[in-house]
Amino acid sequence: MNTDIKQAMHVEAAKSLNAAEANENERRWNETKIDRKNEDPTNHYDKTRMKLNFEIGPDGKIYPLGYHPKSLDVRLQERLSELGWKPFKPDSKIQPNCCARFLFGGNHDRTLQMAFGNQIVNLEKNADNSHLRRCEEVELWAKDVYDWCSRRYGRENIIGFQVHLDETSPHIHALIVPVGVRLKSGRECVMWSAKFGKDRYEYGKILKDMHTSLYEEVGSKYGLERGDSIEGRNVMHLNKRDYIRKLTKETKQAEKAVKGLQTMMRKLESQISSSQSQLEEIDKSLASGKMLLREYDLQKARIQKQISEYQIKLEDKACKLHEKEQALDRLTKDLEMAGSVIQPFRNYKVDFEPSRISGKVPLFGTDKWIATQNKEIAKQFTSTIRKLETLYRNEAERQVKAAQHNVLADYGELNQLRREVKMLSESNDDLKSTLETILDQLSVPSFRSQIFTIADALLGGTPITVSSGGGDSTSDLPWDGRRPDEEEETYRRRCLLFAIGVVKRQNGMRSYRRR
């Protein structure tokens, strides 16, 4: 069992948040987008668990993920505008930090337990986990983390707080705007240094305090321990290649330790078996009268003591072997995971038979025979190389096609957005034309009086008659009244627009355009 149950918190300074990042946090994706994301071996988005994701709103309550009508990047920009945020020029090489991206998590087994309890979770890709139900403990943990963020940064500055349960380990994404007060004006503004320090030294102290505070106020309630401090230790982050090299070395050491313990256990078992055989021998000697009872008792006590010592050593080695096997299993899994990330190409097994010299060496014409053998060996070697080349060329072609597919899909989305922009532009033109017509109608006093009379009648539900245009005949208005699910404001607007249309028809479709 993994006893390293630590809390985790990562903070990253950000200068902006684009729409793609916002869509990922809020899972504003369709099925095709999810499948394309999962083509990357480092990604693992479980479609059957996405319904369990949630977020915490500004009121501190739990909502489905992506419930807000405005996307995360839009809400961030609105809050920055409220604070009078003015970034540097777009072409500037240096841009100030305007928000902090938090990632909260913890020990893999513990966070899974908080999210799903004792339910069985299949973490393989494309697995069916539709049977899972979200547990209350993960919601309580998320609320406590949200409250912790609120106390430090202000609830109005928490732009987004999303909880993901559809990946390998449950975790929280929080997007926060750091706000401080200007000394001269006393106004609130975006100020990174107010919350995270003016330099790396201050940031280090603040970060240490944050970890301690998070443990005391949240982590300790859920069995998540504070992470070990790196002060006074020679700690260094390894790149992927060095990390794999380190794991490989530790795996070999663990394998060696397991084999050594297995050898010692076999030796102890052999010694116990030998001692038991000795006991049987002295029993036979005593029964046949070849050994005196006193000597028998002495030898039996000695052998039994020896067996007891062997048993104690054997049990100790068995415990150590169990621990080493568990450690080896963890290292093997870590190595496989790291290897799958750093090696994008598939590993192909190629049947390769080493070239061998055929036939006996002749007494005469050895030079010709050697040349023939070399030619045959070269032919076999070339065939093997071409086979390998074909396999990896096909693999490269597959990856290129996958990349092209992604680009085409993105291009399709771009075309869809362009079509939507065109439709919105045309709709905007229609609305503009309608608005101009309305203003023209309302600018004429007699028309304005007619419009408001008809609109008031419609609002009051009073049946009225109006001229049908160009004569004295009258007819009832073809009006369907208020719809069952129609809101008050929408109904008023529809009455006014209908009245304007009626007045326009009465006056022979005349339009008064302002020049």
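In this chain, residues are counted from 1 in sequence order.
Residues that satisfy the salt bridge (Lys or Arg N to Asp or Glu O under 4.0 Å) test with Glu82, not counting sequence neighbours, are Arg79. Residues forming a ring-ring contact (aromatic ring centres under 6.0 Å, His included) with Tyr203 (at least two apart in sequence, or on another chain): none. Legend: residues meeting salt bridge (Lys or Arg N to Asp or Glu O under 4.0 Å) with Glu216, ordered by chain and number and at least two apart, are absent. Scored by the salt bridge (Lys or Arg N to Asp or Glu O under 4.0 Å) test, Arg27 finds Asp166, Glu167 as partners (sequence neighbours excluded). Judged as a salt bridge (Lys or Arg N to Asp or Glu O under 4.0 Å), and not counting sequence neighbours, the contacts of Glu217 are Arg151.
Side chain of His173 to main chain of Gly160: no donor-acceptor pair is present (N/O by atom type, distance under 3.5 Å, no hydrogens or angles). Between the Tyr222 side chain and the Val138 main chain, no donor and acceptor come within less than 3.5 Å of each other. The backbone N or O of Val74 sits nowhere less than 3.5 Å from a side-chain atom of Gln77 that would complete a donor-acceptor pair. Using a distance-only test at 3.5 Å, with no hydrogens or angles considered, a donor-acceptor pair links the side chain of Glu202 to the main chain of Lys198. Judged purely by atom type and a 3.5 angstrom limit, Thr48 uses its side chain to pair as donor or acceptor with the backbone of Asn129. In this structure a side-chain-to-backbone donor-acceptor pair under 3.5 Å is present from His164 to Asn25. The backbone N or O of His108 sits nowhere less than 3.5 Å from a side-chain atom of Ser169 that would complete a donor-acceptor pair.
A salt bridge does not link Lys205 to Asp199: none of the charged nitrogens lies less than 4.0 Å from a carboxylate oxygen.
Annotation: side chain of Phe104 is in contact with side chain of Leu214 (closest heavy-atom distance under 4.5 Å). Counting only heavy atoms from C-beta outward, the side chains of Cys98 and Leu80 approach each other to under 4.5 Å. You'll find the side chain of Leu165 reaches within 4.5 Å of the side chain of Pro170, heavy atoms only. With a 4.5 Å cut-off on side-chain heavy atoms, Gln119 and Cys135 count as touching. Between Ile176 and Cys149 the shortest side-chain heavy-atom distance falls below 4.5 Å. Using a 4.5 Å heavy-atom threshold, the side chains of Trp85 and Pro96 count as touching. Side-chain atoms of Leu175 and Leu72, non-hydrogen and from C-beta on, do get closer than 4.5 Å to each other. Using a 4.5 Å heavy-atom threshold, the side chains of Asn97 and Phe196 count as separate.
Applying the ring pair (Phe, Tyr, Trp, His ring centres under 6.0 Å) test to every pair with at least one member in residues 7-26, sequence neighbours left out, gives no pairs at all. Judged as a salt bridge (charged side-chain N to carboxylate O under 4.0 Å, His left out), not a single pair has a partner in residues 182-195 (not counting sequence neighbours). Among residue pairs with one or both ends in residues 118-133, none qualify as salt bridge (charged side-chain N to carboxylate O under 4.0 Å, His left out); sequence neighbours excluded. Within the structure, every pair that satisfies the salt bridge (charged side-chain N to carboxylate O under 4.0 Å, His left out) test and touches residues 47-56, not counting sequence neighbours, is listed here: Glu31-Lys47, Asp35-Lys47, Asp46-Arg49.
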- request: Please lay out, stage by stage, how Arg226 and Thr212 fare under the test side chain to side chain donor-acceptor pair (under 3.5 Å).
  value: CA-CA 7 Å; Arg226 189 198 187 284; Thr212 302; 3.0 Å; yes

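Nearest heavy-atom pair across Cys99 and Trp192 is O-CZ3, 3.6 Å.
Counting heavy-atom neighbours within 6.0 Å of Glu136 CD, excluding the residue itself, gives a total of 12 or less.
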Taking distance alone, no hydrogens or angles, what donor-acceptor pairs closer than 3.5 Å link side-chain atoms of residues 249-258 to residues at least two apart or in another chain?
{"unit_1": "Glu250", "atom_1": "OE2", "unit_2": "Lys246", "atom_2": "NZ", "d": "2.8"}
{"unit_1": "Thr251", "atom_1": "OG1", "unit_2": "Leu247", "atom_2": "O", "d": "2.7"}

Output side-chain donor-acceptor pairs under 3.5 Å for residues 16-24, partner residues at least two apart or in another chain, one line each.
{"unit_1": "Asn18", "atom_1": "OD1", "unit_2": "Ala20", "atom_2": "N", "d": "3.2"}
{"unit_1": "Asn18", "atom_1": "OD1", "unit_2": "Glu21", "atom_2": "N", "d": "2.8"}
{"unit_1": "Glu21", "atom_1": "OE1", "unit_2": "Asn18", "atom_2": "N", "d": "3.1"}
{"unit_1": "Glu21", "atom_1": "OE1", "unit_2": "Arg101", "atom_2": "NH2", "d": "3.0"}
{"unit_1": "Glu21", "atom_1": "OE2", "unit_2": "Arg101", "atom_2": "NH1", "d": "3.3"}
{"unit_1": "Glu21", "atom_1": "OE2", "unit_2": "Arg101", "atom_2": "NH2", "d": "3.4"}
{"unit_1": "Asn23", "atom_1": "ND2", "unit_2": "Ala19", "atom_2": "O", "d": "3.2"}
{"unit_1": "Glu24", "atom_1": "OE2", "unit_2": "Tyr45", "atom_2": "OH", "d": "2.7"}

Which donor-acceptor pairs under 3.5 Å do the side chains of residues 61-70 make with protein atoms, sequence neighbours left out?
{"unit_1": "Tyr63", "atom_1": "OH", "unit_2": "Asp59", "atom_2": "OD2", "d": "2.6"}
{"unit_1": "His68", "atom_1": "ND1", "unit_2": "Lys70", "atom_2": "N", "d": "3.1"}
{"unit_1": "His68", "atom_1": "ND1", "unit_2": "Lys70", "atom_2": "O", "d": "3.4"}
{"unit_1": "Lys70", "atom_1": "NZ", "unit_2": "Glu78", "atom_2": "OE1", "d": "3.4"}
{"unit_1": "Lys70", "atom_1": "NZ", "unit_2": "Glu78", "atom_2": "OE2", "d": "2.8"}

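Residues Phe102 and Tyr153 place their aromatic rings such that the two centres sit under 6.0 Å apart.
For the residue pair Asn107 and Lys6, no side-chain donor N or O sits within less than 3.5 Å of a side-chain acceptor on the partner.
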